[in-house]
Engineer: 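Got a structure here, written out as structure tokens. Questions coming.
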Amino acid sequence: MIESTARKLLTGNAAAAWAARLGGADYIPAFPITPQTEIIETIARWIDRKELDARMTMFESEHSMLTAAGAAAATGVRTFTATSSQGLLYAMEMLYTVAGWRVPLVLVNVSRGVAAPITLEADHQDVLAARDTGFLQLHCATCQEVLDLTLIAFRLAEDARVRLPVLVNLDGFQLSFTREPVELPSASAAQGFVGEFRESGGEFRAGHPVSQAVAVLGGGPYSYFRYEAQLSMLRALGVFDEISAEFSAVIGRRYEAVECYRAEDAEIVFFLIGSLATKVKGAVDRLRESGFRAGMVRPRLLRPFPAEALRAVLAGKQAVAVIDQDLSLGSGGILHCELASALYGAAGAPAVLTSYVGGLGGRDIDFGELKAMFEETRAGVDCGKTPSPRLLYTRRELHEMRQLQLIAAATDEAARSP
Amino acid sequence: MFRMRMHGRGGQGIKTGARVLGSAFFLSDYEVQDAPLYGAERRGAPIHAFVRAARGAIHERGIIRMPDLVVLADSGLLEVARGAVLTGVDADSVLLVRGQASAAALVERYQLPCRTLALPEAGSHATNAPDRSLGTTCAAAAARLVGVIDRGTLEAALVAELSDMSASVIEAALTRALAAYDALEANAGCVVPRADSALQSSAPEWIELPQDGVLTASPAIHATRTSERMPTGLWRTVRPVIDFAQCHRCPWVCSTACPDGAIGMGKCGYPRIDLEHCKGCMVCVLACPWHAMTAVPEPVQ
């Protein structure tokens, strides 16, 4: 066991596994899926070597895995599990269900685009499909955040004022398979922060039966239970700040619900979630060197949505360029929609809110594109008109797509001919 | 910031190599990012990994478009378009190629635009097994070329990253790696990281995506036999060779076992291997009841 703070190179997956270990997870229901598998492989190896005293059970599906996770949490056992993409979607029914049980557990999602067509690379379609389930959502930008926010997630889930499951998201490949320096707290410091499992007092026990998740009819009781969860969700905004401050006192790193980078005096800010933040910070620095007042605002906490904090930091900005690595088909970028609803009618809200959909299925977004987004948004400010939403897609990409379609005989004419 | 890519084939230890290089920088007090880029995760298929190292925070992620150093573990990948070894390589890049060919011969044959160095092969053809320590050997060579990693630090990084291996494997890998480090003494420090401002960033030529008909716009392949257009034979590190004196012409044992359908029936009922597509998995070698097939390292002379 590590007794003192150590700085090591860890992948995002390894950081998630370390969080389960340092956070004292007792039970880990598991099912493998790329790019998450390394998390459960790492934990399995520790258990096998008796470095970790926990129980891991393999299931036949993510649906069963989540059911087991919820059931275990209902008995008062600290539960950690992980999945990705199709796995998260397959478990979707149980995400709603275990959140409705009001049981605390931590689910790490390694985000990956969803089928069809199938891909292995990252975007946020999977995790945003779980947006309305009743799981809190924390989004990580670095491997360090994966470790730290997962530790915070245990506290958040078990807090009596919240008592809802928490999903921690890290981007496939960009974090899951990328090693970078991670500060590991000592086991005693981590234990001191996370503490023992916090029982609600209503845990299921042999000899203490509980009828979990009863059926209700008539709408009134149903509305009551649903809205109680909503109230706890909203309460979690303040609880996050409180637990995060305690984390800072014990471990030394401070996480706000909304990260602001050079945003205070910025005129135009980028708005996004996840590991793209690293590159956007680089772009902000380079734009600043060219004399532009650029900045970045990134919610770590996406559920509950920190609307008030966002209104505060964005008040007085000329414009926000929203980058969505997701697409609500028939609508558009999901973050754009969320931010617009938070800002509507707010005093000092930016007049221009541009929408960029990019990075789908792991598509790279480079500095040239970030700069072009900034410039297009600035032009919108100058003429007082918000440009149309844009898919980040180049002429060259379409040309390459056409080459593939030729090979596949995938044109409307060719496909019909025998 | 140093921006480095390591290219090789699945099974050659490229991911481990990138980790060794990353750890060597990390132990030299650099901030580091290292990552493999997976795709067709299959033995012999082209893969690459990358390493970034800087004295301050790294505000980049993902693929490296303009590398300061490219290390190629297997010169055969220069023949594989999908290996994409030379992507973004320019006059300010250094290319290190492990193989039999001299640097001058490689520059001439492939019209290489960059400073090119050769890392001679050191007897890895002694056995039929693919050399899984190529990645670590190449990482050690890279550590010498960047000029900021001392021998002791490299050794510590190697030991740390190979700790799950047996003592004999670690010792052999260490010997090869340190020999590569020593062999490149004359080129120590030849890799010069380019400034951030020297990274090209052209304005994107964004387009509006046209709406196509559904047969065009759905992810289906209507053409047949498209896999024939993918010459996976270049993935092979070992080749199955039939000893026709031992072959009993029992139809379909080897050809049924072949996961790629690369074994057909030739003249007189003998199996015929399609070397354009055989990936060298050696399933047929194991399947042959008469032990009439052997694995011979590529390139077969």
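The basis for the numbers below is simple: all heavy atoms, side chains too, and nothing from hydrogens, waters or symmetry mates. Not measured: the values here are computed from a predicted model. Throughout, protein chains are lettered first and strands after them, A, B, ... in sequence-line order, and every chain is numbered starting at 1.
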Engineer: Would you indicate whether the side-chain heavy atoms of E155(B) and L178(B) approach each other to under 4.5 Å?
Structural biologist: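 Side-chain contact under 4.5 Å: yes.
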
Engineer: Does the side chain of R262(A) come within less than 4.5 Å of D285(A)'s, by heavy atoms?
Structural biologist: yes

Engineer: May I ask you to name which of R395(A), E180(A), E397(A) has the most heavy-atom pairs under 4.5 Å with chain B?
Structural biologist: R395(A)

Engineer: So for L392(A), is it side chain, backbone, both, or neither that comes closer than 4.5 Å to the heavy atoms of chain B?
Structural biologist: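 L392(A) touches chain B through backbone and side-chain heavy atoms alike.
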
Engineer: Donor-acceptor pair, distance only, cut-off 3.5 Å: does the side chain of D212(B) make one with the backbone of A217(B)?
Structural biologist: no

Engineer: Considering only heavy atoms, which portion of T142(A) lies under 4.5 Å from any heavy atom of chain B: side chain, backbone, both, or neither?
Structural biologist: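 Both parts, backbone and side chain.
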
Engineer: Which one, S388(A), C143(A), P117(A), leads in non-hydrogen pairs under 4.5 Å with chain B?
Structural biologist: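 Among S388(A), C143(A), P117(A), the one with the most close pairs to chain B is P117(A).
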
Engineer: So which of P35(A), A408(A), G368(A) has the largest heavy-atom pair count under 4.5 angstrom toward chain B?
Structural biologist: A408(A)

Engineer: Is any side-chain heavy atom of V146(B) closer than 4.5 Å to one of M4(B)?
Structural biologist: yes

Engineer: Is chain B contacted by the side chain of E369(A), its backbone, both, or neither, given a heavy-atom distance below 4.5 Å?
Structural biologist: both

Engineer: Is chain A contacted by the side chain of E60(B), its backbone, both, or neither, given a heavy-atom distance below 4.5 Å?
Structural biologist: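 Interface part for E60(B): backbone (N, CA, C, O).
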
Engineer: Report the C-alpha distance between F292(A) and K371(A) in whole Å, list the side-chain angles of each, state the deciding distance to 0.1 Å, and finish with yes or no for side chain to side chain contact (heavy atoms under 4.5 Å, CB included).
Structural biologist: CA-CA 11 Å; F292(A) 298 111; K371(A) 185 162 173 266; 5.7 Å; no

Engineer: Need one label for R52(B): side chain, backbone, both or neither, based on atoms under 4.5 Å from any heavy atom in chain A.
Structural biologist: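 Interface part for R52(B): neither.
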
Engineer: Under 4.5 Å from any heavy atom of chain B, what part of S275(A) do you find: side chain, backbone, both or neither?
Structural biologist: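 It is both, since atoms from each part get that close.
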
Engineer: Against chain A, label R61(B) side chain, backbone, both or neither, depending on which of its atoms sit under 4.5 Å from a heavy atom there.
Structural biologist: both

Engineer: Considering only heavy atoms from C-beta outward, does the side chain of R55(B) approach that of D29(B) to under 4.5 Å?
Structural biologist: yes

Engineer: Counting heavy-atom pairs under 4.5 Å with chain A, which one of V32(B), T216(B), I221(B) comes out on top?
Structural biologist: T216(B)

Engineer: If I measure from the heavy atoms of chain B, does R286(A) come under 4.5 Å with its side chain, its backbone, both, or neither?
Structural biologist: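 For R286(A), side-chain heavy atoms alone lie under 4.5 Å from chain B.
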
Engineer: Among G22(B), S23(B), S218(B), who wins on heavy-atom pairs under 4.5 Å with chain A?
Structural biologist: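 Answer, by heavy-atom pair count under 4.5 Å with chain A: S23(B).
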
Engineer: Counting heavy-atom pairs under 4.5 Å to chain A, which of K15(B), R19(B), E208(B), R229(B) comes out on top?
Structural biologist: R19(B)

Engineer: With a 4.5 angstrom heavy-atom cut-off, which part of A122(A) approaches chain B: side chain, backbone, both or neither?
Structural biologist: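 Neither part.
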
Engineer: What part of K281(A) lies closer than 4.5 angstrom to a heavy atom of chain B: side chain, backbone, both or neither?
Structural biologist: both

Engineer: Judged by atom type as modelled, is there a donor-acceptor pair below 3.5 Å linking the side chain of R3(B) to the main-chain atoms of P67(B)?
Structural biologist: no

Engineer: Quick one: do D90(B) and R194(B) make a salt bridge, cutoff under 4.0 Å?
Structural biologist: yes

Engineer: So for T226(B), is it side chain, backbone, both, or neither that comes closer than 4.5 Å to the heavy atoms of chain A?
Structural biologist: side chain

Engineer: What residue, out of A220(B), P204(B), P210(B), P219(B), has the most heavy-atom pairs lying under 4.5 Å from chain A?
Structural biologist: P204(B)

Engineer: Less than 4.5 Å apart, side chain to side chain, heavy atoms only: is that true for F2(B) and V51(B)?
Structural biologist: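 They are not in contact (no side-chain heavy atoms under 4.5 Å apart), so the answer is no.
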
Engineer: Any side-chain heavy atom of L391(A) sitting closer than 4.5 Å to one from L360(A)?
Structural biologist: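 Yes, their side chains come closer than 4.5 Å.
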
Engineer: Going through the checks in order, is the side chain to side chain donor-acceptor pair (under 3.5 Å) test met by H124(A) and D171(A)?
Structural biologist: CA-CA 8 Å; H124(A) 295 143; D171(A) 295 336; 2.8 Å; yes

Engineer: Checking T224(B) against chain A: side chain, backbone, both or neither under 4.5 Å from a heavy atom?
Structural biologist: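 Contact with chain A is absent: no heavy atom of T224(B) under 4.5 Å.
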
Engineer: Picking from R253(A), H139(A), R300(A), what satisfies side chain to side chain donor-acceptor pair (under 3.5 Å) with E145(A)?
Structural biologist: R300(A)

Engineer: Using a 4.5 angstrom heavy-atom cutoff, name the option from A410(A), G282(A), G362(A) with the most pairs to chain B.
Structural biologist: A410(A)

